[in-house]
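All remarks here apply to the structure that follows.
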Amino acid sequence: MHTPEGLVGIVDRFDHVSIAVADVADAAPLLTLLGAERVDGGHAPAGGFDWVQYRLPGGARLELIATRDDDPQHFISRFLTERGAGLHHLTFRVEDIHRAAEAASRAGFEIVGLDDTDPEWKELFLHPRSANGVLIQLAEF
């Protein structure tokens with residue numbers, strides 16, 4: 001059986017699992033229990049949310065994301081209202097966001113949220129409807 005090329009040669013690596021939570025500080029004890037070490041974090045001003053990344057023993061990374069305001073229409077607020085805290089997305093680092101978008105579209109995946117305006121971080125998402133129920137983020141950074 002022939003397998004389509006897909007993102008072969010475009011995906012650099014699996015990067016992290018992102019978990020939506022109400023508050024990143026309140027969620028941190030679980031990561032401490034798991035032996036995680038905080039490695040990065042900040043506020044995404046354009047996105048209106050906080051994020052913190054942790055490295056687990058063995059090198060895997062987890063990210064916590066939480067909204068900073070009470071906007072019920074914020075994507076994290078909607079997620080928490082509909083599903084509660086939990087897995088939000090999986091992130092894969094890609095070499096070229098535009099090649100990734102072309103290949104994913106060609107393979108029949110629905111792309112949402114393509115943003116290439118920041119020279120340091122370009123991203124797109126594969127809608128869960130076309131990705132086995134999981135939001136997949138492809139990011140060039």
Side-chain angles (χ1 to χ4, degrees), residues 1 3-141:
M1 179 169 136
T3 302
E5 175 189 322
L7 296 174
V8 173
I10 301 171
V11 170
D12 181 43
R13 69 171 193 262
F14 172 73
D15 195 70
H16 66 270
V17 173
S18 186
I19 301 169
V21 297
D23 182 277
V24 294
D26 289 347
L30 173 61
L31 299 179
T32 301
L33 173 71
L34 298 173
E37 171 191 357
R38 182 182 169 142
V39 293
D40 204 358
H43 177 66
F49 64 94
D50 291 328
W51 60 278
V52 181
Q53 285 197 353
Y54 293 83
R55 184 179 6 261
L56 294 164
R61 291 193 313 165
L62 292 175
E63 174 181 71
L64 301 175
I65 57 173
T67 184
R68 289 194 63 165
D69 55 39
D70 295 326
D71 177 5
Q73 294 307 308
H74 190 277
F75 75 92
I76 297 173
S77 296
R78 289 192 326 263
F79 182 91
L80 293 171
T81 298
E82 294 171 15
R83 297 175 187 87
L87 172 68
H88 187 267
H89 65 270
L90 303 178
T91 299
F92 295 83
R93 182 177 176 170
V94 298
E95 295 294 326
D96 183 314
I97 199 69
H98 296 287
R99 283 183 52 217
E102 278 180 32
S105 290
R106 197 170 44 250
F109 291 90
E110 181 183 350
I111 295 173
V112 293
L114 173 60
D115 183 355
D116 63 358
T117 58
D118 182 339
E120 300 296 317
W121 179 269
K122 298 173 174 66
E123 68 182 6
L124 66 81
F125 292 89
L126 304 181
H127 197 285
R129 279 189 299 260
S130 65
N132 300 318
V134 178
L135 182 62
I136 303 292
Q137 179 183 50
L138 303 178
E140 176 186 335
F141 57 96

Write down the atom of Ala25, the atom of Pro29, and the distance for their closest heavy-atom approach. O-CD, 3.6 Å
Tell me if a side-chain donor or acceptor on Ser77 pairs with a main-chain N or O of Asp71 at a distance below 3.5 Å. yes
Return yes if some donor-acceptor pair links the side-chain N/O of Arg78 with the main-chain N/O of Gln73 below 3.5 Å, else return no. yes
Would you mind listing every ring pair (Phe, Tyr, Trp, His ring centres under 6.0 Å) that reaches into residues 29-71, with sequence neighbours excluded? Phe49-Phe75
Examine distances only and state if a side-chain atom of His16 and a backbone atom of Arg55 form a donor-acceptor pair shorter than 3.5 Å. no
Considering only distance and modelled atom types, tabulate donor-acceptor pairs under 3.5 Å from the side chains of residues 103-115, sequence neighbours left out.
{"from": "Ser105", "atom 1": "OG", "to": "Ala101", "atom 2": "O", "distance (Å)": "3.1"}
{"from": "Glu110", "atom 1": "OE1", "to": "Arg129", "atom 2": "NE", "distance (Å)": "3.4"}
{"from": "Glu110", "atom 1": "OE1", "to": "Arg129", "atom 2": "NH2", "distance (Å)": "3.2"}
{"from": "Glu110", "atom 1": "OE2", "to": "Arg129", "atom 2": "NH2", "distance (Å)": "2.8"}
{"from": "Asp115", "atom 1": "OD1", "to": "Thr117", "atom 2": "N", "distance (Å)": "3.0"}
{"from": "Asp115", "atom 1": "OD1", "to": "Thr117", "atom 2": "OG1", "distance (Å)": "2.6"}

Listed by chain and number, what are the side-chain contact (heavy atoms from CB on, under 4.5 Å) partners of Arg99, not counting sequence neighbours? Ile10, Asp96
Hey, can you pull the donor-acceptor pairs under 3.5 Å for the side chains in residues 134-141, sequence neighbours left out?
{"from": "Gln137", "atom 1": "OE1", "to": "His89", "atom 2": "NE2", "distance (Å)": "3.3"}
{"from": "Gln137", "atom 1": "OE1", "to": "Thr91", "atom 2": "OG1", "distance (Å)": "2.5"}
{"from": "Gln137", "atom 1": "NE2", "to": "Glu123", "atom 2": "OE1", "distance (Å)": "2.6"}
{"from": "Glu140", "atom 1": "OE1", "to": "Ile97", "atom 2": "N", "distance (Å)": "2.8"}

Identify each donor-acceptor pair in which a side-chain atom of residues 30-40 lies under 3.5 Å from a protein atom, sequence neighbours left out, and give them as a table.
{"from": "Thr32", "atom 1": "OG1", "to": "Ala28", "atom 2": "O", "distance (Å)": "3.3"}

Can you name the residues that form a side-chain contact (heavy atoms from CB on, under 4.5 Å) with Glu120, not counting sequence neighbours? Asp118
Distance from Ser18 atom OG to Leu87 atom CG, nearest 0.5 Å? 8.0 Å
Just grab all the salt bridge (charged side-chain N to carboxylate O under 4.0 Å, His left out) pairs involving residues 11-28, residues at least two apart or on different chains. Asp12-Arg93, Arg13-Asp15, Asp15-Arg61
How long is the gap from CD on Glu63 to NE2 on His88, to the nearest 0.5 Å? 10.0 Å
